[in-house]
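Comments concern the structure below.
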Amino acid sequence: MAGTLTVWKFPTATGADTAVSTLEDLQRRELITVQDAAVVSWPADAKKPKTRQLHSLAGLGALGGAFWGLLFGLLFFIPLIGAAMGAGLGAMSGSLADIGIDDDFIKEVRDKLTPGTSALFALTSDATMDKVHEAFHGQSAELVSTNLSHEQEAKLREVFAD
């Protein structure tokens, strides 16, 4: 089965941290396979969000810091920096579009992640969806996801795997 890049957005700056233990529990019960994950938390009084990769959840095919750095750069910092970043980044963000992380996805996530919120980003496969949704019930999570084909996931690994 191909992977899914899932973003669970929470209405509080700490909601994603709570969700990490839910995801760890789902993985322990073999209801989902987490290949890589990261958390973004944006305290209401902060100018920009804090991001961290979840090494405890990352599997063998983890994408690593370069992927998360690029994705979070596109989501939170590029609009402020603009074209000054150069052509190399343009080429890499073009390759993200090839793997299903397109402008619409970026814009949707950027619009939803605002000061005072948080999000759990996870690249997963083999999810038992009803059990996953059940586990997140009551956490006020809003789901933003993009499904990756086998080909897109292979490209993602080719570009970013550690």
Side-chain angles (χ1 to χ4, degrees), residues 2-20 22-24 27 32-125 136 141-162:
T4 302
L5 177 63
T6 306
V7 182
W8 297 88
K9 183 245 178 183
F10 299 88
T12 64
T14 57
D17 291 320
T18 304
V20 170
T22 302
L23 197 60
E24 286 171 337
Q27 180 157 278
I32 196 166
T33 300
V34 180
Q35 280 133 21
D36 211 339
V39 164
V40 173
S41 60
W42 197 334
D45 56 354
K47 281 188 170 46
K48 61 184 186 190
K50 293 183 176 110
T51 61
R52 74 178 199 280
Q53 187 177 0
L54 299 174
H55 297 287
S56 63
L57 278 169
L60 283 174
L63 296 172
F67 168 73
W68 296 113
L70 177 61
L71 181 60
F72 294 148
L74 285 169
L75 285 170
F76 306 114
F77 309 114
I78 304 305
L80 310 174
I81 298 167
M85 292 300 287
L89 194 59
M92 280 183 99
S93 62
S95 68
L96 282 181
D98 294 342
I99 53 171
I101 301 170
D102 58 13
D103 290 343
D104 291 340
F105 178 78
I106 297 290
K107 182 180 178 346
E108 185 180 1
V109 174
R110 186 185 295 146
D111 289 347
K112 290 177 190 284
L113 269 174
T114 55
T117 67
S118 61
L120 171 60
F121 288 72
L123 181 66
T124 61
S125 60
F136 279 97
E142 182 180 346
L143 184 62
V144 185
S145 68
T146 183
N147 290 311
L148 308 177
S149 67
H150 285 294
E151 190 178 305
Q152 289 171 324
E153 190 174 350
K155 272 188 190 166
L156 187 63
R157 296 197 177 291
E158 195 177 293
V159 176
F160 293 106
D162 279 347

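These numbers come from the heavy atoms of this one structure, side chains and all, not from hydrogens, waters or symmetry mates. Just so it is clear, the model here is predicted, and its values are computed rather than measured.
For Pro115, the side-chain contact (heavy atoms from CB on, under 4.5 Å) partners two or more places apart in sequence, or in a different chain, are Trp42. With sequence neighbours left out, the salt bridge (Lys or Arg N to Asp or Glu O under 4.0 Å) criterion links Asp45 to no other residue. Looking at residues two or more places apart in sequence or on another chain, you find a side-chain contact (heavy atoms from CB on, under 4.5 Å) between Thr33 and Gln35, Ser125, Asp126. For Lys48, there are no side chain to side chain donor-acceptor pair (under 3.5 Å) partners, not counting sequence neighbours. Annotation: side-chain contact (heavy atoms from CB on, under 4.5 Å) contacts of Lys112 (sequence neighbours excluded): Lys9, Glu108, Glu142, Val144. The side-chain contact (heavy atoms from CB on, under 4.5 Å) search around Ala19 returns Phe10, Leu120, Phe136, Gln139, not counting sequence neighbours.
Taken from CG in Asp111 to CG in Leu75, the straight-line distance is 10.5 Å, to the nearest 0.5 Å. The structure places CZ of Phe76 at 13.5 Å from NZ of Lys50, a figure rounded to the nearest 0.5 Å. The OG1 atom of Thr6 sits 6.5 Å away from atom CD1 of Ile32, with the distance rounded to the nearest 0.5 Å. To the nearest 0.5 Å, the span separating CG on Asp36 from OG1 on Thr124 amounts to 11.0 Å.
A donor-acceptor contact shorter than 3.5 Å is absent between the side chain of Thr14 and the backbone of Asp17. Within the 3.5 Å criterion, the main-chain N or O of Leu74 finds a donor-acceptor partner in the side chain of Arg110.
Contact check for Thr51 versus Trp68: no side-chain heavy atoms found under the 4.5 Å cut-off. Contact of the Thr22 side chain with the Trp8 side chain is not registered, since no non-hydrogen atoms from C-beta on lie closer than 4.5 Å.
The heavy-atom pair separating Ala122 from Leu23 by the smallest distance is CB-CD2, 4.0 Å. The two residues Gly15 and Ser118 make their nearest non-hydrogen contact at N-OG, 3.4 Å. Between Ser41 and Ala13, the shortest heavy-atom contact is CB-O, 3.2 Å. Considering every non-hydrogen atom in both Val109 and Val7, the closest pair reads CG2-CG2, 4.2 Å.
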